[in-house]
Chemist: 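Input: one structure, supplied below.
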Amino acid sequence: MTFRPKIWFPISTALSVLNLAAVPFAAAPAEPVHAAIHAVLAVAFGLWAQRLYRQRTALPAGLTSGEWREELESEVDGLHQQLAEAQERLDFAERMLTQRADPQWAPRAEGTGPPEQGA
């Protein structure tokens, strides 16, 4: 199983908020240890959520923002080129399908067979 910060960030944030909300309820019946445990858990989950957030928004290793942008731009340019080539191929295929110059591909009237090959 792969650890995904994108999934665990909202979970850790929710756990931090829930433990923080539980502190007053645990302190009300005069249980300071129980309240302290919830407070420590709230801080721990909050720090974990902050760390996960930084991991999600960090640039790839060793790249500055300018280098990262140039890398993305070159990748997008490559994708544009691939899309243009695919569109050209599609246009060519459509032209070939609509072309009726070859009598072998021309529609025939019912009752006529295929063209005879040689004698």
Side-chain angles (χ1 to χ4, degrees):
M1 182 187 314
T2 306
F3 180 78
R4 297 184 181 164
K6 186 176 184 178
I7 294 171
W8 284 102
F9 172 70
I11 293 170
S12 62
T13 304
L15 288 172
S16 177
V17 169
L18 287 173
N19 276 294
L20 188 61
V23 170
F25 294 108
E31 295 183 20
V33 175
H34 187 187
I37 291 171
H38 278 291
V40 168
L41 285 173
V43 171
F45 282 123
L47 291 173
W48 186 38
Q50 192 175 31
R51 182 175 173 219
L52 290 172
Y53 180 75
R54 275 191 254 123
Q55 283 180 353
R56 268 182 28 181
T57 58
L59 293 175
L63 293 179
T64 65
S65 61
E67 293 170 338
W68 187 61
R69 181 179 175 159
E70 289 174 6
E71 188 176 309
L72 283 176
E73 286 177 351
S74 67
E75 189 169 335
V76 168
D77 289 341
L79 291 172
H80 279 287
Q81 181 66 30
Q82 289 177 358
L83 178 62
E85 290 173 4
Q87 287 174 336
E88 288 177 16
R89 290 177 181 157
L90 178 63
D91 291 341
F92 176 76
E94 287 175 346
R95 282 194 307 272
M96 293 303 292
L97 289 173
T98 57
Q99 190 176 32
R100 303 264 183 199
D102 190 359
Q104 178 181 353
W105 300 106
R108 292 183 175 52
E110 280 190 45
T112 61
E116 293 187 26
Q117 303 281 331

Chemist: How many angstroms lie between CG in Leu52 and CZ in Phe45, if you round to the nearest 0.5 Å?
Modeler: 11.0 Å
Chemist: Kindly compute the distance separating CG (Asp77) from CD (Gln82), expressed to the nearest 0.5 Å.
Modeler: 11.5 Å
Chemist: State the CD-CD distance between Glu73 and Glu75, to the nearest 0.5 angstrom.
Modeler: 12.0 Å
Chemist: For Ser12, does its backbone N or O pair with a side-chain atom of Ser16 as donor and acceptor, under 3.5 Å?
Modeler: no
Chemist: Would Tyr53 end up clustered with Leu15 when hydrophobic side chains under 4.5 Å apart are linked, directly or stepwise?
Modeler: yes
Chemist: Which residues pass the salt bridge (charged side-chain N to carboxylate O under 4.0 Å, His left out) test with Arg51, not counting sequence neighbours?
Modeler: none
Chemist: Once you round to the nearest 0.5 Å, how far does CH2 of Trp48 lie from CD1 of Ile11?
Modeler: 7.0 Å
Chemist: Could I get the full list of side chain to side chain donor-acceptor pair (under 3.5 Å) partners for Glu70, not counting sequence neighbours?
Modeler: none
Chemist: Testing the basics here: between Thr13 and Ala49, what is the closest heavy-atom pair and its distance to 0.1 Å?
Modeler: OG1-CB, 3.6 Å
Chemist: Return the CG to CG distance between Leu79 and Leu72, rounded to the nearest 0.5 Å.
Modeler: 10.5 Å
Chemist: With rounding to the nearest 0.5 Å, note down the distance linking CG in Leu83 to CG in Leu90.
Modeler: 10.5 Å
